[in-house]
Student: 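The structure that follows is given in the form of C-alpha cells.
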Amino acid sequence: MSEPSAQNRVGFVPRVISIARSWFIAGLKGWDRFLFAPSTSDTLAVLRVATGAMLLYSHLVLASDLMAFIGPDAWIDHATSRGLLGGTLGAPTAAATYLNTIESPTALWAHHVVTLVVTAMFMVGLLTRITAPLAVFLQLVLLHRLLGSLFGLDQIATYCAMYLAITPCGACLSIDAWIRERMPGRSRWKAWLFPADVATSWATLGTRLLQLHLCVIYLFGGLAKARGQLWWDGTALWFAVSNRQYQSLDVTFLAGYPVVFTALTHLTLFWEVFYSALVWPRWTRPVVLLMAVAVHGGIAVAMGMITFGIMMITANGVFIRPDWIRRLRRAGSCQPAERGSPETELEQRLSDVEIAEEGIRKRYGKLKRREARLKAKLEKYQRDKRKLRAMVQRGRFVMDESEDGSEVPGSSLDLDDPSEAGGAEELDSATELDAGPIGVEDLSDSAIHRDLRRDS
Amino acid sequence: MTRDRKSPRRKRPRPKSVDLGHSHSQPNQDASPGTPGELDVPGNRPTLRARFLISILVVGHLLAVFLPPMAFQTQGLRGISPSVLSVLRPIEGYAQFLYLDRGYAFFAPDPGPSHLLRAVAAETPNDLEPPTLDEEESSSVTIPNLESQWPRLLYHRHFMLSEFLHENFEPALPEGVEAFVGNIVTREEIDVLQLGRRRYEAIANSMRRRFAQELGAPSATLARVEHRQPDFVSFALDPISLDDARLRGLLPDIELPLEEIEAMAMPTLPQPAMGVEPTDRESVPVPEPEPTTGTNDTRGNRGDIAESSSIDGVGGSLSGE
C-alpha cells in the first residue's frame, strides 16, 4: 500500500478543522434555537394558575397554625433556626431568611398576609411582571424559615414559580390580558407590564429551564434509587405502600401479587432513570408523560401526598405544546374574533411593531427631509451642468442678462457660493436614500465652472 | 454620471415556530400552522449580545441545578468527590438561596421505616422519664397525628418535622472519649461528633418546648418512635394491621459506645481486599512453560490470578427530599 501523499496529509487536518468548525457552529445554532426560538405563553399561563393555586393553598394551610411553624417558639424556634442556617449548629449556608429575626406575632402575620395577597395576584395573573418574582422571593424566605417541615411539594412548586417569573406568563388567561385589551393608548412600560399574547424568547427560555430541571430531578431520583437493594429486588413499592404514616388508600392486598408490585417497582425505577432521555423524542414523550401521571397519581391517591402528586403532574405539563392549549382556548371561545383569534393576534403584533418603531420613525422622517433637500440640490446641479455642457459644445459662454431679464445660461451659477461647496460631500453621504453618489466627474465640473469664470 | 446604488434589501430570516416538546434536532415538522412564533416581532427576541450573556447565566444556573444532587450522590467516607466539590463551591451560595441544594432522593436508596415523636408532659425540665408507646398515657401527644392534624398537608408538615429530628440524631459521646483523641481518633472527628450532638439537642429542646406548649405543661420529655413495615411474605400469609404494636419501637437516646469509637480507628474506606482469598475468583488459563534443557530456568506456573473488590453499601433511609 502506498504511503498517503503529502497533499492528502495536508488536506486531512483542514478537513478535520472544517468538520469541527461546522459542528461547533451547528451546535451554537441549535443552542440558540433550543433556548430562544420564540413561543407563546399558553402552557406557561396554565402552569401559572396551577402553581399559584398550590402555593396559595400551602400558605393558607400554614396560616391555620402559623406561629407553630414560623413563630418565635415554633417547632424549630428562632434561635435554633438561626443556628442551623447561620453556621453555629452546622455549616453556614446562604439560605437566609429575615423571618427568624421577627419576634412580633403581629408582624409575622402581616408578612404572611402580604404573602397570601401577592400569591393570589400571581395566580390570577394580576400585575404578573411584579407579583411573579415577588411571590418567588416570599416563598424562598418562607422556605428557609420552614426548615425541617419541607418536602417535595415545596421544591417543585418553588421551581415552577421561579421559572415562570422570567416569562410573560400573564400574557393570557390572566387579568393582565383583560386589562391590556381595554387599556387605551400604548407605551413601552405598559407593553412591558401587560405583555402581549405573542411569541417571545422569554417564554421559551423559562419553559426550557423547567424542562431541564425536571430531567435533573428524575435522573438523580432514579440514580439514587438504583443504589438501593429494594428497588432492584422489586419490593420497594411494597415498603412504600405499607408505610402507615404515608398510607391514604389501603393497597396492601398487593402483598399477594408479588409479580405485580415488583414489576411496578422496576418500571418506576427505569422510567425515572431514563426520563431525561425519553421525554424529548416525539414518539416516546406521550408514554413518559402518561407514566408520570400514573406514578404521581398513585402517590397522590395511595400515599397521601395529594399536593405533591398534583404539582408534579402539573410540572410535567410543561412538555405540552402551547399551540395545543391555544387551540383549546379558541375552541372554548364563543366568538371567532375574541382574544386568541388570528385577527386579534395580528392586531396586537402590529401594535407592538408600531411601538418598537417609534424611534425609528422619527429618524426616518429626519432622513427623508434631508433626502428631499439634497435631491433639490442635485437637480439644480444637474440642470446647471447640462447648461454648461451645451454652452461648451456651442463654443460660447454668455454672462449678460437677456432682454427680458431672464437669466442667461451660466449666470445662474453662483460658483463662489459657500453653501454649494459642501454639496458634493453631503450628496456623498446620502447614498442610502436613493440619492445616488456624486462622483469625481461632478467635482471636476465645479473645477470647470471656476476655470470658465476666470476665462470670462 | 451618478450611479444609482441601491443596496439589496437584506432579508431577515423568519424564526420558525417552535415545538417546545421536541429536541432541537427536529425542526418544525410538527409545528401547527398559524403558530404565532412564525412572526419575528421586534422586541420579542433578545439581541445577539443579550442572548450570549443570557446563555452564560443559563449555564451557570444549570450547574447550580445539576451539581448539588451530584454532590449528594458522590458523597462517601472520604467526603464529596473533589472534582464535583471544586465546581460546586463557587455557586454553592446561589444554589442554597434558591433552594436548589437538594438531593432528590425520594424514597431512596430504599424506602425505610417512618419515625414519629412522642412527648409526655413533665413538671420540670430535669424530669427525664421518657414517654412510653401507650397511646392512652395521660398528657401525651404523638406527631404526626392524622386525627388532630388536618388537612393532609398540615399532617405531612408535622411528619417531616419528626423525620427531621430523627435524621439529625447524633448519640452523645461517652465520658472517656477524650482519652481516645490523638491515638485512635483525631480532634476534628470528635469535634464533628460533638457538633452533631449539639445540633440534635438544639432541635430536640426546641421541639420539647413546643410540646410543652401543646400539652399546657411546664415541660415535656420526648422520644423517637420507629414504625416499621411488615414483610410482604409474612403479611400475605398472616395479615396484620399496620398499626400493630409489634411494628413500633422506641428509639432510646443512648450514648455512643466506646467500642464504636475504637472501631473508627480501623480502615473503613472502600478499597480492594488485600491478601484475602476470594471466593468467586475466576481462574485464568496459564500456558505450560516450554521444556528447558540444561539451563537454570526457574520459571514455573504463575498460578491463578484473581482479584476481587468490594464496595461499601449505603444504608437505606426514608426521605421526603
Side-chain angles (χ1 to χ4, degrees), chain A residues 30 33-34 36-40 61 75-77 80 83 89-90 93-95 143 148-149 151-152 155 158 198-201 204 207 213 216-217 220-221 223-225 227-230 236 238-240 242-245 255-256 280 282 285 304 307 319 321 323 342 345 349 352 356 431 436-437, chain B residues 1-5 15 18-24 32 34-37 39 41-46 51 65-66 69 73 93 96-97 99 102 104-111 114 151-154 157 159-161 164 199 202-203 206-207 210 227 229 232 235-236 242-243 314 316 320-321:
Chain A
R33 199 165 51 244
F34 181 76
F36 298 109
S39 64
T40 57
V61 169
W75 291 103
I76 308 292
D77 56 24
T80 307
L89 293 176
T93 75
L143 277 189
S149 57
F151 64 113
Q155 296 172 33
T158 304
V198 295
T200 65
S201 293
T204 306
T207 302
H213 202 146
V216 170
I217 289 174
F220 283 99
L223 292 178
K225 291 178 172 65
R227 298 180 71 170
Q229 181 62 40
L230 303 185
W238 160 255
F239 286 105
S242 62
N243 189 306
R244 185 67 183 94
Q245 274 64 46
W280 299 102
R282 179 170 30 131
R285 188 182 332 120
T307 50
F319 284 99
R321 291 165 46 169
D323 55 303
E345 289 171 6
R349 285 147 69 189
D352 290 334
T431 55
Chain B
M1 180 173 65
T2 62
R3 188 154 43 91
D4 190 11
R5 185 196 302 168
V18 63
D19 178 7
L20 292 180
H22 284 275
S23 70
H24 65 274
S32 58
T35 305
L39 180 62
V41 179
N44 289 344
R45 188 183 175 101
R51 295 204 301 272
V65 169
F66 181 85
Q73 293 300 326
Q96 288 166 351
F97 180 72
Y99 199 52
R102 304 289 102 192
Y104 309 126
F106 304 105
F107 293 99
D110 285 319
S114 53
R152 187 85 187 191
L153 178 57
L154 190 66
R157 293 244 182 259
F159 185 17
M160 292 299 103
L161 282 172
F164 181 67
R199 181 169 59 244
I203 299 171
S206 174
M207 291 189 176
R210 187 68 206 178
H227 192 168
Q229 305 97 311
F232 77 93
F235 185 88
L242 295 183
D243 289 318
V314 179
E321 297 187 2

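Residue numbers start from 1 in every chain, and the chains themselves are labelled A, B, ... in the order their sequence lines are given, proteins ahead of strands.
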Student: Taking the side chain as every heavy atom from C-beta outward, state whether B/Arg102 and A/Phe220 have any pair of such atoms under 4.5 Å apart.
Tutor: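 When only atoms from C-beta onward are counted, A/Phe220 and B/Arg102 do not touch, as no gap falls below 4.5 Å.
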Student: For the candidates B/Met207, B/Arg51, B/His227, B/Arg199, which exhibits the highest count of non-hydrogen atom pairs separated by less than 4.5 Å from chain A?
Tutor: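 The candidate making the most pairs under 4.5 Å is B/Arg51.
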Student: With side chain to side chain contact (heavy atoms under 4.5 Å, CB included) as the criterion, how do B/Phe159 and B/Ser114 come out once you've worked through the C-alpha distance, each side chain's angles and the decisive distance to 0.1 Å?
Tutor: CA-CA 9 Å; B/Phe159 185 17; B/Ser114 53; 3.6 Å; yes
Student: Examine B/Phe106 together with A/Phe151 and report whether their ring centres are nearer than 6.0 Å.
Tutor: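 No, they do not, as the ring centres are separated by 6.0 Å or more.
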Student: A side-chain contact here means heavy atoms from C-beta on lying under 4.5 Å apart; do A/Thr207 and A/Thr204 qualify?
Tutor: no
Student: Output the distance between atom CZ (B/Phe235) and atom CD (B/Gln229), rounded to the nearest 0.5 Å.
Tutor: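 These two atoms lie 12.0 Å from each other.
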Student: Identify which part of A/Thr80 has an atom lying under 4.5 Å from any heavy atom of chain B, answering side chain, backbone, both or neither.
Tutor: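 Interface part for A/Thr80: side chain.
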Student: Sort out for me which of A/Trp75, A/Trp238, A/Phe239 touches chain B most, counting heavy-atom pairs under 4.5 Å.
Tutor: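 Top count of heavy-atom pairs under 4.5 Å with chain B: A/Trp75.
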Student: Among the options A/Gly304, A/Gly256, A/Gly90, pick out the one with the most heavy-atom pairs lying under 4.5 Å from chain B.
Tutor: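 That would be A/Gly304.
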Student: Pick from B/Ala202, B/Pro69, B/Pro151: which one has the most heavy-atom pairs with chain A under 4.5 Å?
Tutor: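 Option with the greatest count: B/Pro69.
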Student: Considering only heavy atoms and a distance below 4.5 Å, find which of A/Ile217, A/Thr307, A/Val216 pairs most often with chain B.
Tutor: A/Ile217
